[in-house]
Asks: 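So that we are looking at the same thing, I have put the structure below in structure tokens.
Since we're looking at a predicted model, the values are computed, not measured. Numbers here are sequence positions counted from 1.
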Amino acid sequence: MIRLLCTLVALVLPLEALAIEIQEVTSPGGIKAWLVEEHSIPFTAIDLSFTGGANQEASDRRGVTNLMTGLLEEGAADRDARAFAEAAESLAARMSFDASNDTVSVGMTFLTENRDESLALLRDALVEPRFDAPAVERVREQVLAGLASDARDPDEIAARRLAALSFPGHPYGTSMSGTPETVAAINIEDLRAAHARALTRDRVNVGVTGDITAEDLGPLLDELLGDLPLASAPEVPEADGAVDGGITVVDFPSPQSVVMFGQKGVPFDDPDYFPAFILNHILGGSGFDSRLMGEVREKRGLTYGIGTYLASRDLADQIIGQFSSSNDNTAAAIDIVRDEWARIATEGVTQEELDAAKTYLTGAYPLRFDGNSRIASILVGMQDMDLPIEYIDGRNDKVNAVTLDDVNRVAAKLLTPDRLHFVVVGQPEGIEPSSF
């Protein structure tokens, strides 16, 4: 969801300017999809997002959704893993399967001439995955190798420790990849249960872009998704995302420290989201033009880079930032971040900063609609966030409507330096674990 949100907030031009028209298509069986027709090349992209994701799994089987998703293209129906891969290659079809805490995402691109065969292959992967024992053990070993690598990665260590501090007792507080113990405990029946729980047609959003008409798409949706079950999702509680202010130090032998910091954020549907979005751009989201980059790197040379972003999830929201610094400079860099956090909260931003941020956010359009696959992903992201088809047409207006008073009011309310927590992974000099 975070990746999708970053894509959506950068959509700054009206669809008319791009000659893109979104159609809502409903299949005979009632499955809805958003479609952008593009017939200039014989190629189509389809993106699926099943809401719920790894948030729904039991704590003693943490990682089962991730493992299950990794097995969807490892054999389906009457094809084992090799036969499935050969079929996809012969059709020139590309498939992707990914899991997050909030969603299971599926993507496919295919040639028009191979449309029916390609979608039939994807249907098999979604509806009839095999979960053959050899494939399960091979992918399990890949996951375990990834977990071992993450345990030695200071960036991963910092992210996971901050998540654990922010979301104790909630799925967000643990890695969706699981632990070596939970991954080792997953059996084939667990995988089948995770598949039935995660891939249901009542929780799917569909985006399609390319060489296909609305009339053709409707029946194909039923063929692709009609055999998936209908199922109610387990209730997952919302999380607060707040963390006590202070510093957590994780000893890690390295000449530099990785620092991740965060506090509670603001949800996308909050009226203050766009002021917060602009505020973050000025504070730490605009690269070399941000306040934090100017203070920590440009003026003092304490890091090569520092940035912040609004981490908006389905069930919680945070402001997250990260930088790396030599062990002897880490303490000074943390002090500057905390001071700048407090300064912008009390003094606000300037009209010049606000105007520059608006100019960038409404003018520096980064070619988000640069291909069928990208457009299909954006269509799904909008549906995941319950946005209307007309959202993009008014997106510039939302940015331009933000006033200086709005940004500074939100800065005073949102940025709380005494609740800002830093996780330091390294051997920083002069820093002891603390809380405010």
Side-chain angles (χ1 to χ4, degrees), residues 45-50 52-54 56-58 61-101 103-111 114-150 175-201 203-204 206 223-229 231 373 377 380:
I46 181 168
D47 257 46
L48 311 172
S49 176
F50 297 87
Q56 302 175 89
E57 59 195 21
R61 290 298 185 269
R62 191 66 166 143
V64 66
T65 306
N66 178 61
L67 181 57
M68 179 274 295
T69 306
L71 286 157
L72 291 180
E73 59 183 331
E74 295 290 334
D78 60 353
R79 295 182 177 94
D80 63 13
R82 173 172 293 192
F84 188 91
E86 290 173 347
E89 184 176 358
S90 70
L91 294 168
R94 296 183 180 180
M95 281 179 273
S96 63
F97 301 88
D98 189 36
S100 72
N101 275 318
T103 61
V104 171
S105 302
V106 179
M108 187 182 205
T109 58
F110 53 86
L111 298 173
N114 297 331
R115 176 195 298 162
D116 292 344
E117 298 91 339
S118 298
L119 289 176
L121 188 66
L122 179 59
R123 180 264 174 204
D124 287 346
L126 295 174
V127 178
E128 299 183 69
R130 289 168 62 107
F131 301 125
D132 292 330
V136 171
E137 294 313 311
R138 183 177 67 256
V139 176
R140 190 200 309 270
E141 288 303 314
Q142 294 171 358
V143 172
L144 291 172
L147 290 173
S149 177
D150 290 344
S175 169
M176 57 151 290
S177 297
T179 67
E181 293 75 22
T182 60
V183 172
I186 295 168
N187 58 43
I188 292 176
E189 288 308 310
D190 295 326
L191 294 167
R192 296 195 184 282
H195 171 260
R197 180 174 62 243
L199 272 62
T200 65
R201 70 177 185 269
R203 294 202 310 276
V204 65
V206 185
E223 293 175 20
L224 178 64
L225 303 169
D227 291 330
L228 289 174
S373 296
S377 176
V380 164

Asks: Say whether, by atom type as modelled, one donor and one acceptor occur between the side chain of Thr69 and the main chain of Thr65 under 3.5 angstrom.
Replies: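 Yes, Thr69 side chain to Thr65 backbone: donor-acceptor pair under 3.5 Å.
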Asks: For Leu48 and Val380, what are the C-alpha separation, side-chain angles and deciding distance, and is it a side chain to side chain contact (heavy atoms under 4.5 Å, CB included)?
Replies: CA-CA 7 Å; Leu48 311 172; Val380 164; over 6 Å; no
Asks: Are the side chains of Val106 and Leu122 in touch, meaning some heavy atoms are under 4.5 Å apart?
Replies: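 Heavy-atom side-chain distance check passes, below 4.5 Å.
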Asks: How about Arg94: does its CZ atom have over 12 heavy atoms from other parts shown lying under 6.0 Å from it?
Replies: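 Open.
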Asks: Ignoring hydrogens and angles, tell me if any N or O in the side chain of Arg123 forms a donor-acceptor pair with the backbone of Leu225 under 3.5 Å.
Replies: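 Absent.
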Asks: Just verifying a value: how many Å separate Gln142 CD and Leu147 CG, rounded to the nearest 0.5 Å?
Replies: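 Nearest 0.5 Å value for the CD-CG distance: 12.0 Å.
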Asks: Which residues pass the side chain to side chain donor-acceptor pair (under 3.5 Å) test with Asp150, not counting sequence neighbours?
Replies: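 Testing Asp150 for side chain to side chain donor-acceptor pair (under 3.5 Å), a comparison that skips the adjacent residues, returns Arg160.
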Asks: Taking C-beta and beyond as the side chain, do Leu224 and Met108 meet within less than 4.5 Å on heavy atoms?
Replies: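 Counting from C-beta outward, Leu224 and Met108 never come under 4.5 Å.
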Asks: Minimum heavy-atom separation for Arg197 to Gln56, with atom names?
Replies: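 Arg197 and Gln56 have their closest heavy atoms at NE-O, 3.7 Å.
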Asks: Could you go through the side chain to side chain contact (heavy atoms under 4.5 Å, CB included) check for His195 and Leu72 one step at a time?
Replies: CA-CA 9 Å; His195 171 260; Leu72 291 180; 4.1 Å; yes
Asks: Mind listing the closest non-hydrogen atom pair of Val183 and Ser177 along with its distance?
Replies: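 Where Val183 meets Ser177 most closely, the heavy atoms are CG2-O, 3.3 Å.
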Asks: Ignoring hydrogens, what is the shortest heavy-atom contact between Val104 and Ala198? Give both atom names and the distance.
Replies: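 Shortest heavy-atom separation between Val104 and Ala198 comes out as CG2-CB, 4.2 Å.
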Asks: Using modelled atom types only, decide if a donor and an acceptor are shared between the side chain of Thr103 and the backbone of Ser105 within a distance under 3.5 Å.
Replies: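 Such a contact is absent between Thr103 side chain and Ser105 backbone.
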Asks: If I take atom CG from residue Leu126 and atom CZ from residue Arg201, how far apart are they, to the nearest 0.5 angstrom?
Replies: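 One gets 13.5 Å once the value is rounded to the nearest 0.5 Å.
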Asks: Given Glu74, which of Arg140, Arg138, Arg79 fulfils the salt bridge (Lys or Arg N to Asp or Glu O under 4.0 Å) condition?
Replies: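 By the salt bridge (Lys or Arg N to Asp or Glu O under 4.0 Å) criterion, Glu74 pairs with just one of Arg140, Arg138, Arg79: Arg138.
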Asks: Is there a donor-acceptor pair under 3.5 Å between the side chain of Glu73 and the backbone N or O of Ala125?
Replies: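 Looks like no, no N/O pair under 3.5 Å.
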Asks: Any chance you could lay out the side chain to side chain contact (heavy atoms under 4.5 Å, CB included) test for Val136 and Leu191, step after step, and finish with the verdict?
Replies: CA-CA 9 Å; Val136 171; Leu191 294 167; 3.8 Å; yes
Asks: Compare every heavy atom of Ala76 with every heavy atom of Asp124, then report the nearest pair and how far apart it is.
Replies: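 For Asp124 and Ala76, the tightest heavy-atom pair comes out as O-CB, 3.4 Å.
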Asks: If you round to the nearest 0.5 Å, how far is CD of Glu117 from CG of Asn114?
Replies: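 The CD atom of Glu117 is 5.5 Å from CG of Asn114, to the nearest 0.5 Å.
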Asks: Please report the C-alpha distance between Met68 and Ile186 in whole Å, then the side-chain angles of each, then the deciding distance to 0.1 Å, and finally whether the side chain to side chain contact (heavy atoms under 4.5 Å, CB included) criterion is met.
Replies: CA-CA 10 Å; Met68 179 274 295; Ile186 295 168; over 6 Å; no
Asks: Which salt bridge (Lys or Arg N to Asp or Glu O under 4.0 Å) pairs, counting each pair once, include a residue from residues 178-193, with sequence neighbours left out?
Replies: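 Residue pairs with at least one partner in residues 178-193: Arg61-Asp190.
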Asks: Is there a side-chain contact between Leu119 and Phe110 (heavy atoms, below 4.5 Å)?
Replies: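 A side-chain contact under 4.5 Å exists here.
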Asks: To the nearest 0.5 Å, tell me how far Leu121 CG sits from Asp116 CG.
Replies: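 Result: 12.5 Å between the selected atoms.
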Asks: So do Asn66 and Val143 actually touch side chain to side chain, heavy atoms under 4.5 Å?
Replies: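 Side chain of Val143 against side chain of Asn66, heavy atoms only: contact under 4.5 Å found.
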Asks: Checking Arg130 side chain against Ala81 main chain: does a donor-acceptor pair fall under 3.5 Å?
Replies: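 Side chain of Arg130 to backbone of Ala81: no pair is present.
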Asks: If you measure from CG on Leu91 to OG on Ser118, what distance do you get to the nearest 0.5 Å?
Replies: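 One gets 4.5 Å once the value is rounded to the nearest 0.5 Å.
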Asks: Any idea which heavy atoms bring Ala196 and Pro229 closest together, and the distance?
Replies: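 Distance-wise, the nearest heavy atoms are O-CG, 4.0 Å.
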Asks: CG of Asp132 to CZ of Phe84: how many Å apart, nearest 0.5 Å?
Replies: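 Here the rounded value is 12.5 Å.
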Asks: With Thr182, which residues qualify under side chain to side chain donor-acceptor pair (under 3.5 Å), at least two apart?
Replies: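 Partners of Thr182 under the side chain to side chain donor-acceptor pair (under 3.5 Å) test: Thr179.
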